[in-house]
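A short worksheet on the structure shown next.
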Amino acid sequence: MYWSKTFIPTLREDPGEAEIASHRLMIRAGLTRRLAGGLYSYHPLVLRSLQKLETIIREEMNRAGAIELLMPALQPREVWEQSRRYSIMGEVMFKLKDRQGRDLVLGPTHEEVITDLVAHEIKSYRDLPKTFYQIQTKFRDEIRPRFGLMRAREFVMKDAYSFDISLSAADKSYQAMYDAYCRIFERCGLRTKIVEADTGAMGGKWSHEFMVLADAGEDGLVECPSCSYAANLEKAERSVPLAEQAVSSEPLRKISTPGARTIEDVSSFLGCRPSSLIKTLVYVADGKPVAALVPGDRDVNEKKLQNVLEASTLSLADEATIQRVTGAPVGFAGPVGLRIPIVADISLKHAVNRVVGANKADAHMLNFDINRDAAVSLFGDIVIARGGDGCPRCSGSLAEERGIEVGHVFKLGTKYSQAFGAEYLDEKGQRLPIVMGCYGIGVTRTLQAIIEQQHDANGIIWPPSVAPYQAVVLPMSSTPEALRVLETLKASLEQAAVDYIVDDREERAGVKFKDADLVGFPMRVVISEKSLANGKIEIKARGDASAEMVPPGDAVITIKNLLSTAVPTR
RNA sequence: CGGGGAGUAGCGCAGACUGGUAGCGCGUUUGGUUCGGGACCAAAAGGUCAUGGGUUCAAAUCCCAUCUCCCCGACCA
């Protein structure tokens with residue numbers, strides 16, 4: 001390919017619309033342009049990367065025994081009603097009507113369609129197990145599209161669904177996908193962290209997320225350096241030392257704290273640390289108010305709280321409810337004398353001499369003793385874990401990181417198969433629900449995550465396996481000898497199946513060097529009169545500081561060697 | 001939806017407070033000189049100042065409304 005023939009609209013300056021490195025680079029390197037919020041065109045170069053990534057995914061899915069199919073992106077409302085997700089997912093779905101007035105949605109995911117298909121077509125244990133996958137454009141009306149392809153409203157996803165006769169058989173399918181995911185991300189040159197995750201709107205019992213560690217990541221996670229424990233913050237547990245403090249309780253005392261509603265207000269007013277305060281938050285769980293107590297410097301993890309309460313719905317109480325339950329305006333709630341159930345974080349088990357709200361405007365209580373002064377109905381782990389907390393699996397201490405979720409695998413159980421009547425007959429003629437799993441990779445997001453992880457001040461550093469072209473050739477001379485060397489090089493690159501682009505533009509060398517670095521081709525070959533005078537051409541790997549000078553005849557072997565050491569392509 | 005910022009030439013920005021000729025850099029076009037890390041000189045093209053309304057002799061500038069985009073939170077691959 002010739003640079004002048006394709007379409008690579010690079011920018012000299014950083015675009016104003018982009019904040020994080022990968023987003024900025026995708027636009028600057030001419031890989032993509034925004035049409036509207038969360039909607040992007042894939043230019044020729046990034047399309048090549050996308051296709052290479054899809055090929056890797058297909059190879060690994062097929063190797064894992066999954067079968068590719070393709071389902072409609074346009075789906076009838078009915079299947080979503082059937083799984084009862086029309087209301088749960090309703091907000092994120094693009095909805096439309098056909099000319100008959102029938103309701104349709106643009107598929108944000110395909111559990112419903114695939115389960116409906118399987119329910120109709122698979123009847124016998126002889127037909128199982130099966131894992132189907134597709135690579136397809138998904139549509140989600142995101143609350144806030146962000147960071148270019150990182151969170152777009154239209155994006156490419158690989159989704160897979162497994163169907164098994166039993167939980168233990170489903171575990172095998174799950175593991176096969178899990179292993180395939182590890183190979184896929186490794187082949188992309190990505191370092192991923194696999195973390196335990198919450199199942200969210202997908203439902204199901206168990207899931208793992210594949211995270212690309214990056215400061216710009218949207219998810220927080222913790223990991224233990226001493227054992228293998230790692231989890232999304234939404235899910236992460238922590239262990240809390242329960243040794244009793246050798247401090248005796250002082251008498252409870254009410255003090256005036258005019259206007260001090262927040263933890264910061266109160267701690268600076270009293271000149272004490274936030275951790276010596278206890279936050280009292282009023283929630284409504286399944287329609288009934290409950291109070292949650294956490295240390296002043298910690299935040300409630302609502303999912304954990306919901307689990308501890310075994311509640312199916314949970315939300316923060318509104319002002320009126322707080323006023324009614326505590327008898328005080330927002331900001332002064334406290335556990336003393338409260339007549340609703342109280343859940344306290346496990347770390348408060350022996351809390352003494354703390355500061356709490358007094359359930360009275362402009363007043364707090366000093367020297368609160370949780371066992372003496374409050375009626376706690378339940379202690380549990382209800383705060384968001386953070387770095388420094390104890391590991392729940394060993395005696396280590398957790399480290400906190402940020403990550404980009406590029407893949408997610410779920411054990412779904414029978415939630416969807418029961419909703420759609422996806423059942424099979426076993427060898428005894430018994431009718432049983434099919435056990436499912438589902439598995440997603442954000443394909444376009446993965447591409448951006450690669451850039452987020454692999455770039456420097458000059459631009460992108462593509463891993464060879466997903467680079468738009470593996471090599472860029474810069475002809476700096478048009479002498480007959482240089483042209484002959486170029487033609488020979490092209491022929492041998494083609495023979496060796498190294499894809500390349502020749503920068504044939506009428507530009508000065510500096511421009512071509514800058515653009516080559518910006519776009520990030522793994523290999524750069526420079527043919528110039530100066531080096532040709534010594535019978536050499538120049539070869540440089542994008543990530544390396546210096547170039548190698550080799551005879552033209554050794555170019556391809558040198559490139560092959562450098563490519564193979566850059567990143568495993570398997 | 002709540003909070004914060006921004007819409008002026010293809011891109012990046014100034015101009016606005018204090019109303020009066022729309023500007024700079026990059027890019028683009030033409031000619032010339034240059035030619036291994038975003039060259040130089042000269043000339044040129046390119047604008048409903050986001051949209052609608054209002055105030056005024058006069059609005060990019062002041063006022064009101066709307067739309068769009070970016071960032072922080074709730075959602076997710």
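Heavy atoms only: backbone and side chains are in, while hydrogens, waters and symmetry mates are out. Chain naming here is simple, since letters A, B, ... match the order of the sequence lines and numbering starts at 1 in each.
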Examine the base of [N] for any acceptor or donor lying under 3.5 Å from a partner atom in the side chain of [X], and report the outcome as yes or no.
X	N	result
A:Glu507	B:G38	no
A:Arg524	B:G37	yes
A:Arg24	B:G12	no

[atom1]-based separation of [M] from [N] [nearest Å]:
N	M	atom1	answer
B:G7	B:U48	C1'	15 Å
B:A60	B:C13	C1'	15 Å
B:C26	B:U66	C1'	34 Å
B:C71	B:A58	C1'	38 Å
B:C69	B:G54	P	28 Å
B:C11	B:U51	P	15 Å
B:C24	B:U68	P	34 Å
B:G37	B:G31	P	26 Å

### ring-ring contact (aromatic ring centres under 6.0 Å, His included) between A:His208 and A:Tyr178, worked out
CA-CA 8 Å; A:His208 287 98; A:Tyr178 183 107; 5.3 Å; yes

OP1 or OP2 of [N] versus the side-chain N and O atoms of [X]: is any pair under 4.0 Å?
X	N	answer
A:Arg144	B:C76	no
A:Arg146	B:G73	yes
A:Arg151	B:C76	no

#### Entry: Salt bridge A:Glu196-A:Lys235, side-chain N to carboxylate O under 4.0 Å
no

### Query
According to the interplanar angle, ranging from 0 to 90°, do the rings of A:Tyr181 and A:Tyr439 count as parallel (below 30°), tilted (30 to 60°) or perpendicular (above 60°)?
perpendicular

### Nearest-neighbour nucleotide for the A:Glu19 side chain, B:C70, B:C75, B:C76 considered
B:C70

### Summary
Closest of B:C11, B:G27, B:C76 to the A:Glu13 side chain is B:C11

#### Entry: Atom of A:Val519, atom of A:Ala29 and distance for their closest heavy-atom approach
CG2-O, 3.9 Å

### Query
Where along residues 508-517 of chain A does a heavy atom fall under 4.0 Å from RNA chain B?
A:Arg508, A:Ala509, A:Gly510, A:Val511, A:Phe513, A:Lys514, A:Asp515, A:Asp517

### Query
Under a 4.5 Å cut-off applied to non-hydrogen side-chain atoms, are A:Ile441 and A:Thr446 in contact?
yes

### Query
Which nucleotide, in any strand shown, forms a Watson-Crick or G-U wobble pair with B:A22, with both distances under 3.5 Å?
none

